[in-house]
Visitor: 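The structure under discussion is supplied below as structure tokens; questions concerning it will follow.
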Amino acid sequence: MGKIKMAFIGVGDMGSHHCIGFDLLEDSEVRYICDMNEANVARTMSELKNSNPTIVSDYRELLTKEDLDAVVISVPNYLHREVAVAFLEAGKHVFLEKPVAHTIEDCDAIIEAAEASGRILQIGLVYRYSNLYRRMEKELENGRLGDVKLMWCKEFRDPFPPADWFYDKTKSGGAIVEKDCHHFDIFNWMIQAKPVRVFASGGQHVMKQGEPNQIQNSYSHYPTKEISDTSIVDHAFITIDYDNGSKANLGLCMYLKPRNLMGEGLEIGLIGENGGQMVARNDKTIDIVGGQDWTKDHLEIDVSSDSIMGGHTGGQTQRIDFLKCIEEGRQPFASAQVGRNALLIALAAEKSILEERYVYLEEISG
């Protein structure tokens with residue numbers, strides 16, 4: 001079918017990486033970039049090796065373009081529905097950054113538009129394409145631990161980039177919606193059961209509503225900025241009950257300074273029914289200990305071949321798969337329904353913190 005002609009709506013941190021990554025692939029061409037921020041556009045353009053895209057400032061200019069097959073949407077969460085639905089209704093394939101949306105209503109509207117259009121809708125749940133987490137799944141498929149009974153995630157990190165929408169719950173959905181849909185998806189993927197209810201406790205320790213907060217982020221291009229209107233939590237503990245009796249817990253801290261000084265980074269672990277443990281650390285290594293044969297394995301996983309420029313593990317693999325889904329007419333591994341399932345847990349956690357109670361997912365999912 002020739003090269004897939006693509007447009008990139010938003011080229012901040014994530015959008016820029018996507019644009020650069022797709023530019024490196026033989027099966028795609030970066031035809032258009034849409035971003036009102038000239039610095040974002042210039043930074044992205046300087047990294048492109050194979051394409052010479054046209055620059056526009058309003059995505060609506062692209063809806064009727066015939067020389068456009070697919071779009072990558074990396075705009076703030078509250079704009080996902082508006083932009084994604086417009087392109088799906090225009091007959092374009094869509095790669096949409098996670099979360100699907102900041103509300104279940106917007107999420108369902110996007111899914112409905114995708115189903116009506118018959119176009120591919122892939123969600124940026126990048127860990128589904130990571131060599132590391134795919135190896136974790138493979139060990140489970142081989143029966144190394146039996147059924148997964150307990151899982152945990154330690155997400156102790158520095159704040160979001162200092163862009164106002166991250167800190168406005170009405171625009172981001174909250175810290176848990178914006179950040180931890182990744183990890184809830186890994187829980188769902190490895191446990192292979194239906195989440196039923198969530199209990200969460202969280203609040204504001206350091207970055208507080210109405211106080212001047214000097215927000216500094218280690219991995220983005222944004223300069224330090226003072227944000228006093230922050231309506232999101234900066235810490236939480238979240239417990240999820242599944243219908244098979246399995247449980248998962250996530251601890252979130254968003255105010256480390258500096259980031260990961262102890263070198264621990266992200267930790268995701270699980271315990272199987274045979275008593276064995278498997279722990280992934282820093283998106284790089286897996287340790288498997290115990291179980292029926294009491295063995296110990298330390299696995300150093302290749303996390304370079306599936307990404308670019310030090311970005312998320314799985315980042316480039318997910319882009320390759322998006323193109324293949326378009327070419328082959330198949331649904332992506334990170335489908336919209338997968339994204340919805342992870343979003344439900346995040347929304348339930350946000351609701352649980354506010355209402356100080358268990359929240360059942362059926363309350364939200366309708």
Side-chain angles (χ1 to χ4, degrees), residues 10-18 35-44 46-47 74-80 97-99 101-102 124 126 153-184 200-238 250-267 281-283 309-312 315 346-347 349-354:
V11 286
D13 288 322
M14 292 305 302
S16 180
H17 256 257
H18 286 313
D35 198 309
M36 292 182 292
N37 186 314
E38 293 181 2
N40 284 351
V41 173
R43 193 180 66 257
T44 304
S46 69
E47 296 285 350
S74 307
V75 298
N77 301 344
Y78 70 100
L79 296 173
H80 281 196
E97 254 309 321
K98 62 80 198 165
H102 71 313
V126 62
C153 172
K154 288 167 54 180
E155 172 75 333
F156 301 155
R157 46 160 289 154
D158 55 344
F160 289 126
D164 291 303
W165 72 269
F166 280 113
Y167 296 87
D168 182 344
K169 188 175 179 180
T170 65
K171 294 183 176 181
S172 66
I176 298 166
V177 167
E178 163 58 24
K179 188 71 193 79
D180 295 308
C181 54
H182 274 312
H183 311 115
F184 299 142
S201 176
Q204 295 182 334
H205 280 161
V206 176
M207 294 178 285
K208 297 180 180 180
Q209 177 76 37
E211 295 185 6
N213 303 287
Q214 293 293 328
I215 306 296
Q216 186 174 19
N217 174 274
S218 65
Y219 59 83
S220 71
H221 64 281
Y222 293 94
T224 300
K225 181 179 180 180
E226 182 177 294
I227 298 178
S228 59
D229 187 16
T230 174
S231 54
I232 64 172
V233 302
D234 66 3
H235 71 279
F237 280 102
I238 302 156
L250 182 142
L252 175 67
C253 175
M254 298 289 296
Y255 53 83
L256 289 194
K257 292 182 182 179
R259 185 188 199 196
N260 298 334
L261 184 63
M262 296 177 68
E264 292 180 348
L266 178 70
E267 177 180 304
R281 294 184 176 91
N282 293 315
D283 288 341
M309 298 171 63
H312 260 306
L347 291 171
E350 297 275 2
K351 187 177 180 70
S352 178
I353 290 171
L354 283 178

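Everything quoted here is computed from the prediction, not taken from an experiment. Counting begins at 1 with the first residue of the sequence.
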Visitor: Kindly give the heavy-atom pair with the smallest separation between Ile353 and Ala236, and that separation in Å.
Guide: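 Ile353 and Ala236 have their closest heavy atoms at CD1-CB, 4.1 Å.
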Visitor: Any sub-3.5 Å donor-acceptor pair from Asn213's side-chain atoms to Ile227's backbone N or O?
Guide: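 Yes.
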Visitor: I need the Phe166 CZ to Ile232 CD1 distance, nearest 0.5 Å.
Guide: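 If we round to the nearest 0.5 Å, Phe166:CZ and Ile232:CD1 are 9.0 Å apart.
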Visitor: At their closest point, which heavy atom of Gly265 faces which heavy atom of Asn282, and how far apart are they?
Guide: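 Answer, listing the atom of Gly265 first, then Asn282: CA-OD1, 3.1 Å.
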Visitor: Test side chain to side chain contact (heavy atoms under 4.5 Å, CB included) on Glu97 and His18 and set out the steps.
Guide: CA-CA 10 Å; Glu97 254 309 321; His18 286 313; 2.7 Å; yes
Visitor: Quick check for you: to the nearest 0.5 Å, what is the distance between Gln214 atom CD and Ser228 atom OG?
Guide: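 Going from CD on Gln214 over to OG on Ser228, the span is 10.5 Å.
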Visitor: Distance check, rounded to the nearest 0.5 Å: Leu79 atom CG versus Ser74 atom OG?
Guide: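 Nearest 0.5 Å value for the CG-OG distance: 12.0 Å.
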Visitor: Looking only at heavy atoms, what is the nearest atom pair of Gly173 and Val177, with distance?
Guide: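 Closest pair (atom of Gly173, atom of Val177, distance): O-CG2, 3.4 Å.
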Visitor: How far does CG of Leu252 sit from NZ of Lys154, to the nearest 0.5 angstrom?
Guide: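 Result: 13.5 Å between the selected atoms.
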Visitor: Is any side-chain heavy atom of Tyr222 closer than 4.5 Å to a side-chain heavy atom of Asn217?
Guide: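 In short, these two side chains do not touch, never coming nearer than 4.5 Å.
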Visitor: Can you tell if the side chain of Cys153 reaches within under 4.5 Å of the side chain of Leu266, non-hydrogen atoms only?
Guide: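 SC-SC contact between Cys153 and Leu266 confirmed.
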Visitor: How about CD on Glu226, more than 12 heavy atoms from neighbouring residues, nucleotides or ligands closer than 6.0 Å, or not?
Guide: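 Correct, the count exceeds 12.
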Visitor: Given Ser16 and Glu47, is the side chain to side chain contact (heavy atoms under 4.5 Å, CB included) satisfied, shown in steps?
Guide: CA-CA 9 Å; Ser16 180; Glu47 296 285 350; 5.8 Å; no
Visitor: Could you check whether any side-chain N or O of Asp234 sits under 3.5 Å from a backbone N or O of His205, counting only pairs where one atom can act as donor and the other as acceptor?
Guide: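 Yes.
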Visitor: For the pair Arg157 (side chain) and Pro159 (backbone), establish whether a donor and an acceptor sit closer than 3.5 Å, ignoring hydrogens and angles.
Guide: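 Answer holds: yes.
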Visitor: State, without any angle test, whether Glu155 and His182 hold a side-chain donor-acceptor pair at a distance under 3.5 Å.
Guide: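 No, because no side-chain N or O of Glu155 sits under 3.5 Å from a partner of the opposite role on His182.
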Visitor: Just so I know, are the side chains of Ser231 and Gln209 near enough to count as touching, which here means a heavy-atom distance under 4.5 Å?
Guide: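 Touching, per the 4.5 Å side-chain cut-off.
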Visitor: Could you check whether any side-chain N or O of Glu350 sits under 3.5 Å from a backbone N or O of Ile176, counting only pairs where one atom can act as donor and the other as acceptor?
Guide: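 Confirmed, Glu350 side chain pairs with Ile176 backbone.
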Visitor: Looking at Lys169 and Thr230, would you say the former's side chain and the latter's main chain have a donor-acceptor pair under 3.5 Å?
Guide: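 Here the side-chain-to-backbone pair does not exist.
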Visitor: Do side-chain atoms of Asp35 reach the backbone of Val41 as a donor and acceptor pair under 3.5 angstrom?
Guide: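 The answer is no, because no donor-acceptor pair under 3.5 Å joins these two groups.
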Visitor: Taking side chain as C-beta onward, heavy atoms only, is Asp168 less than 4.5 Å from Asp229?
Guide: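 No; the side chains remain at least 4.5 Å from each other.
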Visitor: Over all heavy atoms of both residues, which pair between Leu256 and Cys253 is shortest? Give the atoms and the distance, please.
Guide: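 Of all heavy-atom pairs spanning Leu256 and Cys253, the closest is CD2-SG, 4.3 Å.
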Visitor: Test your reading of the model: is there a side-chain donor-acceptor pair from Asp13 to the backbone of Ser220, 3.5 Å cut-off?
Guide: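 Looks like no, no N/O pair under 3.5 Å.
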Visitor: So, Asp164 and Lys225, do they make that salt bridge, N to O below 4.0 Å?
Guide: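 A salt bridge links Asp164 with Lys225.
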Visitor: Starting at CG of Leu347, measure out to OG of Ser352 and round the result to the nearest 0.5 Å.
Guide: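 Interatomic distance, Leu347 CG to Ser352 OG, rounded to 0.5 Å: 12.5 Å.
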Visitor: Give a yes or no on whether the backbone of Phe160 and the side-chain of Tyr167 come within a donor-acceptor separation of less than 3.5 Å.
Guide: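 Pair found, side chain donor or acceptor close to backbone of Phe160.
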Visitor: Under 4.5 Å between any side-chain heavy atoms of Lys171 and Pro76, yes or no?
Guide: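 SC-SC contact between Lys171 and Pro76 ruled out.
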Visitor: To the nearest 0.5 angstrom, please state how far the CG atom of Asn77 sits from the OG1 atom of Thr170.
Guide: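 Result: 11.0 Å between the selected atoms.
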Visitor: Could you check if a side-chain atom of Gln204 sits within less than 4.5 angstrom of a side-chain atom of His235, using non-hydrogen atoms only?
Guide: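 They are not in side-chain contact.
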Visitor: Identify the two heavy atoms, one from Gly251 and one from Phe156, that lie closest to each other, and give their separation to 0.1 Å.
Guide: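 Shortest heavy-atom contact: O-CE2, 3.4 Å.
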Visitor: Looking at Pro99, is its backbone amide N or carbonyl O close enough to the side chain of His80 to form a donor-acceptor pair, meaning the two atoms are under 3.5 Å apart?
Guide: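 The answer is yes, because a donor-acceptor pair under 3.5 Å joins these two groups.
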